[in-house]
Amino acid sequence: MPDRVSIKNLKIFAYHGVLPEEKRSGQYFYLDIDLYGDYLMACLLDSLEEAVNYDDVCNCAYKAMTGQTYDLIERAAQVVCDSILREFEKVNEVEVTLKKPHAPVKCDIEYAAVTIRRGRESLR
């Protein structure tokens with residue numbers, strides 16, 4: 001069973017959404033990111049070089065979320081997954097839950113979200 005590093009509720013301001021006002025005004029999104037891999041050497045050696053640096057992962061996710069605008073949070077989550085898999089060779093699989101608390105719906109919701117999990121084989 002692979003090890004997991006988790007980042008919860010990473011808050012990023014971005015401009016994703018189908019509606020023009022979402023792209024114009026922007027909003028906060030929250031990401032939960034789980035990084036699966038073999039982190040045994042990091043555990044044994046207590047070495048950041050053998051680990052996945054979660055500060056670097058947060059910066060990678062930030063760049064992916066703010067580098068371009070997307071209509072769908074599904075697409076934004078996919079771009080985050082792809083970016084992490086490309087940048088961090090110790091990560092074999094990544095799961096991203098992207099939450100949109102201000103989704104423009106007529107019902108009272110805490111947030112709308114999508115969760116995707118991708119492995120290295122999904123990179124194109």
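Position 1 is the first residue of the sequence, and the numbers go up from there.
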What's the shortest heavy-atom distance between [X] and [Y], and which atoms?
X      : Y     : result
Glu87  : Cys60 : OE1-SG, 3.5 Å
Leu10  : Ala61 : CD2-CB, 3.9 Å
Thr66  : Phe13 : CG2-O, 3.6 Å
Gly119 : Glu93 : CA-CG, 3.9 Å

Main-chain N/O of [Y] paired to [X] side chain as donor or acceptor, under 3.5 Å:
X      : Y      : value
Arg120 : Val91  : yes
Asp3   : Asp38  : no
Arg118 : Leu123 : no
Glu22  : Val18  : yes

>> Between Cys81 and Ile116, is there a side-chain heavy-atom distance shorter than 4.5 Å?
In response: yes

> Is there a side-chain contact between Leu31 and Ile7 (heavy atoms, below 4.5 Å)?
Replying inline: no

How long is the span from the [atom1] atom in [X] to the [atom2] atom in [Y], to the nearest 0.5 Å?
X     : Y      : atom1 : atom2 : answer
Gln27 : Tyr15  : CD    : OH    : 10.5 Å
Asp32 : Glu95  : CG    : CD    : 9.0 Å
Thr97 : Arg117 : OG1   : CZ    : 11.0 Å
Ile33 : Ile84  : CD1   : CD1   : 4.5 Å

> So with a 6.0 Å cut-off around CD of Glu89, is the heavy-atom count from everything else above 12?
Replying inline: no

> Do Val5 and Asp34 pass the side chain to side chain contact (heavy atoms under 4.5 Å, CB included) test, and can you show the C-alpha distance, the side-chain angles, and the key distance before you say yes or no?
Replying inline: CA-CA 6 Å; Val5 172; Asp34 291 314; over 6 Å; no

> Which ring pair (Phe, Tyr, Trp, His ring centres under 6.0 Å) pairs, counting each pair once, include a residue from residues 63-112, with sequence neighbours left out?
Replying inline: His16-Tyr70

>> Taking ring pair (Phe, Tyr, Trp, His ring centres under 6.0 Å) as the cut-off, I'd like each qualifying pair that reaches into residues 33-55, sequence neighbours left out, listed once.
In response: none

> Given the rule in the side chain to side chain contact (heavy atoms under 4.5 Å, CB included) test, do Gln68 and Val79 qualify, once you have shown the distances and angles that lead to the verdict?
Replying inline: CA-CA 10 Å; Gln68 193 170 340; Val79 171; over 6 Å; no

> Which pairs with one or both residues in residues 46-71 pass salt bridge (charged side-chain N to carboxylate O under 4.0 Å, His left out), sequence neighbours excluded?
Replying inline: Lys23-Asp71

